[in-house]
2 protein chains.
Amino acid sequence: MNFQPDAEIDHEGPVTPYQQLAGILRARIARGDWQPNRAISSETQLVQQYGLARTTVRRAIAVLVEEGLVFTVPQRGTYVAPQLEAPEGE
Amino acid sequence: MNFQPDAEIDHEGPVTPYQQLAGILRARIARGDWQPNRAISSETQLVQQYGLARTTVRRAIAVLVEEGLVFTVPQRGTYVAPQLEAPEGE
DNA sequence: GGCTATTTGTCCGTATGTATA
DNA sequence: ATATACATACGGACAAATAGC
């Protein structure tokens, strides 16, 4: 499903908040809010920005990790995965 | 059959309670008690509001789902379907 | 050596809602 | 009407590792 990168979380709709956030973050990465190998917002920041519980934020991030879009480094942050679809010519 | 949105369940009449509830909910949706993509009352709330058994409430909801008027999201709720009669022009 | 702040990791409890028996 | 199971969401708390002063 497609999400707007600047959308807000709808707590009343049929789509669960963690799915919405995953879609929003996916859109923001695609838009270029964070470059590859750069950290996205911390979990605490996402909690404040979107008004969600941390467990919900972590679940959304887990979705992106599962998709290979980001990777998490313990005690460091969550980083945008380097694009592996582009041929590594230079 | 037409039902009043504020009608009560008649347990003595010829119309089965689940048909009555389905008609009432249909009228309430038409009246605008719940907007599209918004959750209707939970099954528990409908049980309490109309004094029906849960199975009866679920059967009434099943009728509306069959009609495409609402859709149920597991572990989340039952939502008013978005109006699909409007052409999707943009 | 401290202290403080930040970040992810983990666990607890409570609540709501559907699904099933 | 009760009970259990499952998924989701929220809030809080603590741990561990890192970084800076």
Side-chain angles (χ1 to χ4, degrees), chain A residues 1 3 7-26 28-29 33-82, chain B residues 8-12 16-18 20-22 24-26 28-29 33-82:
Chain A
M1 207 162 312
F3 287 83
E8 293 184 358
I9 303 297
D10 178 11
H11 290 262
E12 311 302 325
V15 181
T16 60
Y18 87 89
Q19 290 172 327
Q20 296 180 48
L21 180 58
I24 291 172
L25 294 180
R26 209 180 291 120
R28 292 188 62 181
I29 291 173
D33 279 17
W34 305 286
Q35 296 302 314
N37 279 314
R38 297 285 103 176
I40 70 173
S41 301
S42 71
E43 297 178 358
T44 303
Q45 287 175 332
L46 293 176
V47 165
Q48 297 168 345
Q49 292 174 10
Y50 292 97
L52 297 172
R54 183 147 166 258
T55 51
T56 306
V57 169
R58 287 178 58 78
R59 200 172 309 178
I61 292 177
V63 172
L64 303 184
V65 170
E66 185 74 18
E67 295 174 354
L69 212 66
V70 300
F71 61 96
T72 294
V73 180
Q75 278 73 50
R76 257 332 259 150
T78 297
Y79 295 78
V80 177
Chain B
E8 294 184 358
I9 302 296
D10 177 13
H11 290 265
E12 312 303 324
T16 61
Y18 88 89
Q20 295 180 48
L21 180 58
I24 291 172
L25 294 180
R26 208 181 291 118
R28 293 187 62 181
I29 291 173
D33 278 18
W34 306 287
Q35 296 303 312
N37 277 313
R38 298 284 102 172
I40 70 173
S41 300
S42 70
E43 296 181 358
T44 302
Q45 289 175 330
L46 293 176
V47 165
Q48 296 168 345
Q49 292 173 8
Y50 293 97
L52 296 171
R54 188 178 206 85
T55 52
T56 305
V57 170
R58 288 177 61 78
R59 198 174 311 177
I61 291 177
V63 172
L64 303 185
V65 170
E66 185 72 18
E67 295 174 354
L69 211 66
V70 300
F71 62 98
T72 294
V73 180
Q75 276 73 48
R76 190 112 179 104
T78 298
Y79 296 78
V80 178

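Lettering of chains follows the sequences in order, A, B, ..., and the numbering in each one begins at 1. As the structure is a prediction and not an experimental result, all values here were calculated from the model.
Distance check: A/Thr78 OG1 to A/Leu64 CG gives 9.0 Å after rounding to the nearest 0.5 Å.
The shortest distance between side-chain heavy atoms of A/Leu21 and A/Thr56 does not fall below 4.5 Å. Contact check for B/Arg54 versus B/Val47: side-chain heavy atoms found under the 4.5 Å cut-off. Counting only heavy atoms from C-beta outward, the side chains of A/Gln35 and A/Val80 never approach each other to under 4.5 Å.
The phosphate of D/dC10 has OP1 or OP2 within less than 4.0 Å of a side-chain N or O from A/Thr56.
For B/Arg28, the salt bridge (Lys or Arg N to Asp or Glu O under 4.0 Å) criterion is met by B/Asp33, not counting sequence neighbours.
Bracketed by its first and final contacts, the part of DNA chain C lying under 4.0 Å from non-hydrogen atoms of chain A reaches from C/dT7 to C/dT10 in 5' to 3' order.
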For nucleotides 2-8 of chain D, tabulate all protein N/O to nucleotide N/O atom pairs closer than 3.5 Å, reporting atom names and distance.
unit_1	atom_1	unit_2	atom_2	d
D/dT8	OP1	A/Tyr18	OH	3.3

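Remark: the backbone N or O of A/Gly13 is paired with a side-chain donor or acceptor of B/Arg76 at under 3.5 angstrom. In terms of modelled atom types and a separation under 3.5 Å, the side chain of A/Gln20 and the main chain of A/Val15 share a donor-acceptor contact.
Mapped onto DNA chain C by nearest heavy atom, A/Thr55 and B/Ser41 fall at different nucleotides, with A/Thr55 at the one closer to the 5' end.
Atom CD of A/Glu8 is surrounded by 12 or fewer heavy atoms from other residues, nucleotides or ligands within 6.0 Å.
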